[in-house]
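Naming convention: chains lettered A, B, ... in sequence-line order (proteins, then strands); numbering from 1 in each chain. Quick caveat, the model's predicted, so the values are computed rather than measured.
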Amino acid sequence: MSTNIDKLHDDHHHTPSGIMRWITTTNHKDIGSMYLWFSLIMFFVGGLMALVIRAELFQPGLQLVVPGFFNQMTTMHALVMIFGAVMPAFVGLANWQLPIMIGAPDMALPRLNNWSFWILPFAFTMMLSTLFFGSGGPAAGWTLYPPLSLQGGDSFPFTILSIHMLGLSSILGAINVIATILNMRAPGMTLMKMPIFVWTWLITAFLLIASMPVLAGAVTMLLTDKFFGTMFFTASGGGDPAMFQHIFWFFGHPEVYILILPAFGIVSTIIPAFSRKRLFGYDSMVYATASIALLSFIVWAHHMFTVGMPLAGEIFFMFTTMLIAIPTGVKVFNWVATMWKGSMTFETPMLFALAFIVLFTIGGFSGLMLAMVPADFQYHDTYFVVAHFHYVLVPGAVFAIMAAVYYWLPKWTGKMYNEGLGKLHFWLTTIFVNLTFFPMHFVGLAGMPRRIPDYAVQFADFNAIASVGAFGFGLSQLLFVYILFNTLKKDVTAEDKVWEGAEGLEWTLPSPPPYHSFEEAPKVD
Amino acid sequence: MRISNILLMVIFPTTALAEWETNMPRGVTPTSEVAYDLHMLIFYITVVIGILVFSAMLYSIIYHRKSLGHEPAKFHESTKVEIIWTVIPFIILVGMAIPATKALIMMEDTRDSEITVKVTGYQWMWQYEYLEDDVSFFSKIDNESNVARRLGSNVDVKKVKNYLRNVDNAVVLPTNTKVRILLTANDVIHAWWVPELGGKKDAIPGFVNELWVDIKEPGTYRGQCAELCGKDHGFMPIVVHAVSKPEYYKWVGIQKTNKVAKNK
Amino acid sequence: MSGSNSYYVPHESSWPFLTTISIIVLFIGGANYMNGYASGTSVMLLGLAFLFIVTYGWFSTVIRESEAGIYNSQVDISFRWGMVWFIFSEVMFFSAFFGALYYARELSLPWLGGEGAKAATNIFLWPQFENVWPSNGPTNANGEFTLVKAGGIPALNTILLLTSGLTVTWAHHGLKEQNRKKLIYGLIMTVLLGFIFVGFQAYEYMHAYSDLNLKMTSGIYGSTFYMLTGFHGFHVTLGAVMLTVILFRCINGHFSGDNHFGFEAVAWYWHFVDVVWLGLFVFVYWL
Ligand code: HEA
Ligand code: HEA
Ligand code: CUA
Ligand SMILES: [Cu+2]
């Protein structure tokens, strides 16, 4: 055991207990757990807002909410899901897994780690509190396009400053991840021997550090435009509203890969484990991830084909966007090749991972369709886009997170979840997710714009189906929560190596692992 | 029924229950047609790729399972196949990019138009100005929809004719004429979109964007604002009446007399 | 037992949490201030004061631990990576504003002036407008203004900052050679140059506001000018304060010739601020 850890624990016989333990902790597992719980809560908060949206859209005509509030729900739903649910879930997984996958005692910068977590609840409390303001919360969509966003009431500076805080949290978290991966690997673990999940997180952290500050810059300019008389986004002063969109999407597109690359890492970990066969094409998986990340910085304007760019710009962004299909395809093909001639079993994590591959690919295909500029002139800002990004985000990112939780929960807690219930959760979730989001392709193509509280009657049937699906999906997640608590209640029984085919250092530790994961750095050959 | 619909129905069987609109309209302009053709082309390509990939997966799932006693193979890399499945998608993408680029260049060419209409978005209505003929008017959601759409109006919106897709003053455009549409806005960003006339374009305050349509069939075409523009974004429809050229000029004449009458 | 495998994991700490609290107080105050509520300012100042105290406390703890020799070389490397990537994030923050400048000059202003893809903009909306940089846009926002001449204070400031980059390197050599005099005088000069720079910058702002009618509200030129130089000036101030702290630590005999990460981190930061200034000088003042 490291002297320093010993010494400090001798110095401080009283580890704080109760709430103070969580407030002051510097332990990667404590912090990882806090991130994961926070993410789960935010998933429900964001989901509740989605249910308000879906309830209103169940039928044509306004039944439940006024349009202004509907727009607040759309805006908040997205901000909460992206910054509150999916990103923190990935950081939570990183906190739990990175040290025990690379053979380290903890994260490289533990106090910073505590800080990056604790910013989140405060930032979200501030952001969500604006919903209770007299003039309501932000309602210009999560993309905050001016001049509309500048029409916001009192909520405006609160929203912007909470986004600054979220950015700070992500950057600090990402710095920590990079420092951990670059500096804390066990002797012998070269970069090209790292587990693939570690690789995807390393690249994600780079994306975070490169893109979040740009978002901060963009929203800072919004703030000064509103309150200090600058004219970045006003034509009469020589600015341009579309300029905001460029800066925003320079952040925004890398952001969507931030939401998917760790998911790729998870799936690349789980598929081999349950196929009992090594990951096919490890090297090309790493290169593909890196290519996706680099390409993601030169495709941003595919979100704004309709703003009237010069023709050359449209062609450039169309081509670069299409190119991303290649490295992503390499990943999909490698997953299939990993399964090929394996010896597969289908426990819950594997089921989620398999559904991920199929449904993410469908979402990727619709993405590719969106990249075709002439067709995007029709698709843009319709439910076809909503269908696209929910396919990559929900059965994409969220499924991967669920797969990861089922996969590592026994390791974290030493307790095995109920496999039957897990499978039931999987099937319900998969059926309802498709019921919710597949019909959105149809209404989108048929001409239903997004971000509307009410629609023409020809869209009624598919919207009703989608709403039923959404409520079914939501209810199924209650089962997930039940499974979690049910597991936590059990006695410690899980083996150290929970899964027959799993590989990696984490399985050499006991389940649950000791407080300071690897007190002695393991040797890797 | 179109093949595409049948295909979609295979994926999603409930579609078969009714004649629901499930696909992009082919539309009535050269631009909407190229968009549609491109859409279908890419759709079929992805369906084929999807079937290939998912079949391989399914085969593996069915035959290479532990419960059948299948032993795992040892292979785990091959530079050759990696190159193959990098190059083949690239070739497919090139095949998609060529028609897309051609279509795009055609769509962005607003030269040689006969008529120019300037469209300005307001929160929440449209203003149309016919620049050659000095005709100008505002167009907003029709009263019947506007009453029915209120929270607690207790109107059965299914009984409202063209609910949310009707306006007080429709735009009238001549058929078989290249019409250049200039788009701008007065307050926030809006987007002008009638699906059957081809794509949409943003109306940005302080800037002018261009779009062109050349309507091949007379008729009434409906659309709506397609960029979030505040609380009534969902309630700023667009209606275009496409009529033959002589009828169009008759309409222009009436507008002018009305204007003169009003000004008196 | 120790050796190369041991790694320092700090014990529980309330500093991060307290820092968050101070930031949230600062931000709530700031938001209220911007919304025009009288209470905003005092809450903001409270948060700021709290933030200073907490930052002081947090850094004191780290410095104390460092001086107690708890950190080993691996921790040192973690700190280094942390600082490098933090600076990279700052680079990206600045690039958002440089991007805005580039966009305005290369795209939006030419369009407004009738060039390129959106030429119709000029004909229909701003027929009088001709695009020449510097510009405050077609409505001549906030009226005519005069530029700050690159050859005046900005050139002087460039020299000051470049010199300070040299003095800090000089001090670094002093530290490595265990030459205290060189170290401390080098640092004193760097700090002085930094603060003189800030002073000049403040003077220049006052001059621009009162004599040149160049304000934040002067259209896109004023916006980009003040955003870029202001954000940079803020960083110089921060850097100079950090250098001051390092100066006092050096006077108190902290750091050794081969172990002085704190010094180096601040020096890196200072060089970063320096390089950004060169970008500003070229693209904001000169071209
Ligand atoms: C996890 C998040 C995620 C991911 C991974 C993606 C992936 C992709 N996205 Fe998506 N996207 C979003 C999240 C995401 N997107 C969000 C949130 C929005 C909306 C934001 C908003 O407006 O609010 C959006 C919007 C969006 C648009 C803008 C639409 C519009 O507003 O008009 C476009 C346009 O090009 C696009 C394209 C793509 C492409 C080409 C990919 C590609 O990466 C997909 C690549 C994958 C495949 C293609 C499938 C697998 C490949 C093969 C099997 C190989 C063989 C295939 C071929 C050769 C065809 N996306
Ligand atoms: C990671 C991101 C993420 C995730 C996970 C989701 C998840 C969901 N989203 Fe979201 N969504 C976005 C990101 C995401 N979304 C973004 C970026 C936008 C664009 C916003 C914009 O336009 O600005 C958007 C917009 C958006 C719209 C379009 C709104 C509009 O244009 O007006 C809709 C409409 O149906 C929708 C629905 C849903 C649903 C039903 C889910 C479901 O998967 C949610 C499921 C979860 C629950 C339902 C909660 C769990 C259960 C309970 C709370 C218990 C109670 C349950 C019952 C009693 C049934 N989303
Ligand atoms: Cu106008 Cu939306
Ligand atoms: Cu994108």
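- For the residue pair B:E71 / A:S343, no side-chain donor-acceptor distance below 3.5 Å is found, with atom types taken as modelled.
- Relative to the ring axis of B:F235, B:R149 places its NZ or CZ within 45° and under 6.0 Å from the centre.
- The greatest number of non-hydrogen atom pairs below 4.5 Å with chain B, out of A:T361, A:N334, A:V332, is found for A:N334.
- In terms of modelled atom types and a separation under 3.5 Å, the side chain of B:K201 and the main chain of B:A191 share no donor-acceptor contact.
- Within the 4.5 angstrom heavy-atom criterion, only side-chain atoms of A:N71, from C-beta onward, approach chain B.
- Interface remark: A:F384 contributes no atoms to any contact with chain B (heavy atom separation under 4.5 Å).
- In terms of heavy-atom pairs under 4.5 angstrom with chain A, the leader among B:G206, B:P89, B:G230, B:A103 is B:G230.
- The candidate with the highest count of non-hydrogen atom pairs below 4.5 Å against chain A, out of B:E82, B:K158, B:H64, is B:H64.
- The part of B:L38 that comes within reach of chain A is its side chain, from C-beta onward, which places non-hydrogen atoms under 4.5 angstrom from that chain.
- For the residue pair B:T120 / B:W126, no side-chain donor-acceptor distance below 3.5 Å is found, with atom types taken as modelled.
- Judged by distance alone, with hydrogens and angles left aside, the side-chain atoms of A:T320 form a donor-acceptor pair with the main-chain N or O of A:F317 at under 3.5 Å.
- Looking at A:Y455, only its backbone comes within 4.5 Å of chain B, counting heavy atoms on both sides.
- At a 4.5 Å heavy-atom cutoff, the contact between A:Q63 and chain B is made by backbone atoms alone.
- The candidate from A:G501, A:P374, A:P67 with the greatest count of non-hydrogen atom pairs under 4.5 Å with chain B is A:P374.
- When each of A:L150, A:L354, A:T338 is scored by its heavy-atom pairs under 4.5 Å with chain B, the top score falls to A:L354.
- The greatest number of non-hydrogen atom pairs below 4.5 Å with chain A, out of B:E77, B:K66, B:E196, B:H70, is found for B:K66.
- With A:F360 as the aromatic partner, A:K331 does not meet the cation-pi criteria of under 6.0 angstrom to the ring centre and within 45 degrees of the ring axis.
- Looking only at heavy-atom pairs under 4.5 Å with chain B, the residue among A:L62, A:L311, A:T306 that has the most is A:T306.
- For a residue to count as touching a neighbouring chain, one of its non-hydrogen atoms must lie under 4.5 Å from one of that chain's; by this rule A:P272 does not touch chain B.
- For A:F438 and A:H441, the distance between ring centers is under 6.0 angstrom.
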